[in-house]
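Working notes for the structure below.
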Number of protein chains: 2
Amino acid sequence: MPSRKASAPVTTANRGPTAKATIRDVAALAGVSLMTVSRAMKQPQQLAPETLARVRAAMDQVGYVPNMAAVSLRLSQTRLVAAIVPTLATHVFDTMLAALTAALAKEGYEVLIGQTQYQPGREVDLVRTTLGRRPDGILVTGSVQDKTVRNLLAASGIPVIEAGDLVRNHVDMAVGMSNEKLGAAVCSHLAGLGHQRLAIFSGDDDRAQRRNKAFAREAARLGLPPVHVVLVPPPTSHPVGRKLMADLLDHGPRVDAIYCGSDMTAAGVLSECRERGIAVPGEIAVIGTGDTDFAQALYPPLTSVRVDGARIGECAAAMFLERFAGKPQEQKSVDVGFTIVERESTRMESSARQRESSRA
Amino acid sequence: MPSRKASAPVTTANRGPTAKATIRDVAALAGVSLMTVSRAMKQPQQLAPETLARVRAAMDQVGYVPNMAAVSLRLSQTRLVAAIVPTLATHVFDTMLAALTAALAKEGYEVLIGQTQYQPGREVDLVRTTLGRRPDGILVTGSVQDKTVRNLLAASGIPVIEAGDLVRNHVDMAVGMSNEKLGAAVCSHLAGLGHQRLAIFSGDDDRAQRRNKAFAREAARLGLPPVHVVLVPPPTSHPVGRKLMADLLDHGPRVDAIYCGSDMTAAGVLSECRERGIAVPGEIAVIGTGDTDFAQALYPPLTSVRVDGARIGECAAAMFLERFAGKPQEQKSVDVGFTIVERESTRMESSARQRESSRA
DNA sequence: TTGTATGCGTTATCAC
DNA sequence: GTGATAACGCATACAA
């Protein structure tokens, strides 16, 4: 019966310098049992003051940090929340993750981030790997369409939040705004400013497409001419925006206003217009998406559709924490809305400063 | 002796719908032992084809995903790399993390990200918590100065990379560039363009300070007047940049050129100058740091010091993987250098397009 | 106030 | 080719 106790105890000493100290090392050093060390962390008041001091000294001496893998296994709880985003290189996601991380950290949860890099195939693998870490909750960006992923998430038995995109058939919970409403609002906003011939430059991902569709539908409803839509694969960039604008000016139809799926694309459009001496908003109005921090720094300052990433992150954190606490889920779906932040790039001479916002 | 086998076996069925399937559930369903299931994943060729098929069918049926907490505990290896950054909302860090994540993912490693939000006190807690996850390696941004953190990292026994800031006394490994060289290079670059009265707008963090000091030293060496340094707490923003510029113009000394510790600050400076009708670079030249994606979108396009975050991330990943493979560590320190990307904001009428770069 | 025994889910080792 | 067993580090129930 070669049990741990029967054979020579394994300690930091004979495991080499690379091994981390365990609760056993601390116990041995302090001359107490494992339980006493465990209690020194969880219920210190239950211990005799001198025992506690001895244990704490031992913990410091060996640099003891509890092994969360063991804790997780024992408690079936990892205090880990996973977040799957397309990329970290987009402002909205950063903001969301920062808020999510901060809010969860207060309750002792950490956030494990996964990036799909906009590769659809990678999402399945990523979700599977991630679920292997047994997070206590998982947040995915956008709505989950892939059947395999949906099943994986549903079968995981943990709270799932689809963030940033409000759809009806969410797996579990959702927080974000309606891309349909957004597309329609932008269209009617531009129409309200007197623009007739509208164009869209956007990524070809699912969310953008639904925005575009709603935009086009609204244009039709308002009796405007067909919208000129140009799609490009993400990620967007300044050169891409310039190129799209150059192509439009050279070969495309004449337009009064352009809605860009990202502020970076819009920035490229502004640059190309400046280069060619085209007045913005005089000849062409431009509006972006995301209200990135640099939108106000562009020339002219860029009108943009602001989605409050921080609020999404905070809401998501709150929803997770409620579920972790076993509370009845109040809301399965939260609409944080969006705001059209108007700056010079769409401002008509006579139009006063204006804000338009949507909330469900 | 109430062992698992003696009592009723616990399976997914009687643990409720929320519990994830374990290797035991799969084994029971396939009518094989635990080891056979384990082997079906690790050494499938060792199994009889029909057995393998049966096990795989069972795995699919219950949606089995191995519990990494258990694997980690068993193997003393988490396939997790931790990265501590000040914030996700800075382009260089995003780029670095994206590259790091992508490179490590190929080898089956995931990246656990922690944000200090520039709060010095939070770093200790964060590192401690993070080490509790027993990552196989840890990357920290900037050089580690805090004694406690240094000890914690050194005692962890895992590969440690200090990224983005090359210092002599790194804990283990380092990849990045020298902030001293950077500061000096920017100063001499501006001096080379004929500027005499120089100013710096920067964050008050350690790295920025060392840049500034080197900048000032270089100015002195070149016989220029004292540098006007203005420090602000991070994070930087467009309004902050504007405010700093407004204050300088209203109350500060006259300057020919301003070096900004971030592109966002520089963008604010450009906006304020435009507002006041001050010619850039005619009256004042402006240079930023980071070569953010929007630098080229500003007006005038912003000269900026580019640090290749992606390269830092890739280098770090390669260094980690080498150590994980047990290979002798080739280099403990890698200098990825930096590049001054010159655009309109510093370009003198007669000066041709120019690039300046440093590599150790 | 402190200690002992057991199992969380997995894999290495040995046995058949 | 397959199975039984112990152990990874920790926390809970139960004893003392």
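Chain letters run A, B, ... following the sequence lines, proteins first and then strands; every chain starts at 1.
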Q) For residues 103-112 of chain A, which residue pairs qualify under side chain to side chain donor-acceptor pair (under 3.5 Å), counting only residues two or more places apart or in two chains? A) A:Glu110-B:Arg133

Q) Who are the side-chain contact (heavy atoms from CB on, under 4.5 Å) partners of A:Ser33, not counting sequence neighbours? A) A:Met35, A:Thr36

Q: Calculate the interatomic distance between B:Met35 atom CE and D:dT5 atom P; express it in whole Å.
A: 14 Å

Q: State, to 0.1 Å, how close B:Gly142 and B:Glu162 come at their nearest heavy-atom pair, and which atoms those are.
A: O-CB, 3.6 Å

(Q) Just to verify, what does B:Ser72 make a side-chain hydrogen bond (donor to acceptor under 3.5 Å, both in side chains) with, not counting sequence neighbours? (A) none

Q: Mind checking salt bridge (charged side-chain N to carboxylate O under 4.0 Å, His left out) for A:Asp206 and listing every partner two or more places apart, or none if nothing turns up?
A: A:Arg210

(Q) Can you measure B:Met59 atom CE to C:dT10 atom C1' for me and round it to whole angstrom units? (A) 14 Å

(Q) I want to verify a distance call: between D:dG3, D:dG9, C:dT2, whose nearest atom is closest to the B:Thr36 side chain? (A) D:dG3

Q. Is A:Thr22 near enough to D:dG9 that one of its side-chain N or O atoms lies under 4.0 angstrom from OP1 or OP2?
A. no

Q: Any pair with a residue in residues 43-54 of chain A that passes side chain to side chain donor-acceptor pair (under 3.5 Å), sequence neighbours left out, goes on the list, sorted by first then second residue, please.
A: none

**Q.** Spacing of B:Leu34 atom CG relative to D:dA6 atom P, expressed in whole Å
**A.** 14 Å

Q. Who passes side-chain contact (heavy atoms from CB on, under 4.5 Å) against B:Arg122, sequence neighbours left out?
A. A:Ala105, B:Gln119, B:Leu126

Q) Got a sec? Which of residues 67-79 of chain A come in under 4.0 Å of DNA chain D, heavy atoms? A) A:Asn67, A:Ala70, A:Val71, A:Arg74, A:Leu75

Q: With salt bridge (charged side-chain N to carboxylate O under 4.0 Å, His left out) as the test, would you mind laying out the steps for B:Asp172 and B:Lys332 before giving the verdict?
A: CA-CA 7 Å; B:Asp172 180 9; B:Lys332 304 267 272 184; 3.3 Å; yes

Q. Under the side chain to side chain donor-acceptor pair (under 3.5 Å) rule, what pairs show up with a residue in residues 144-155 of chain A, not counting sequence neighbours?
A. A:Ser143-A:Gln145, A:Asp146-A:Thr148

Q.
Holding to side-chain contact (heavy atoms from CB on, under 4.5 Å), I want the full list of residues that pass it with B:Ala58, two or more places apart in sequence or in another chain.
A. B:Val26, B:Leu29, B:Ala30

**Q.** Of residues 130-137 of chain A, the positions that come close to DNA chain C - non-hydrogen atoms, cut-off under 4.0 Å
**A.** none

**Q.** Partners passing side-chain contact (heavy atoms from CB on, under 4.5 Å) against B:Asp60 (at least two apart in sequence or in another chain)
**A.** none

Q) Does D:dG1 have OP1 or OP2 sitting under 4.0 Å from an N or O in the side chain of B:Thr51? A) no

Q: Calculate the interatomic distance between A:Asp25 atom CG and D:dG9 atom P; express it in whole Å.
A: 8 Å

**Q.** Nearest-Å distance for atom pair CZ/P, residues B:Arg24 and C:dT10
**A.** 9 Å

Q.
Using a strict heavy-atom distance below 4.0 Å, which residues from residues 37-50 of chain A are in contact with DNA chain C?
A. A:Arg39, A:Gln46, A:Leu47, A:Ala48

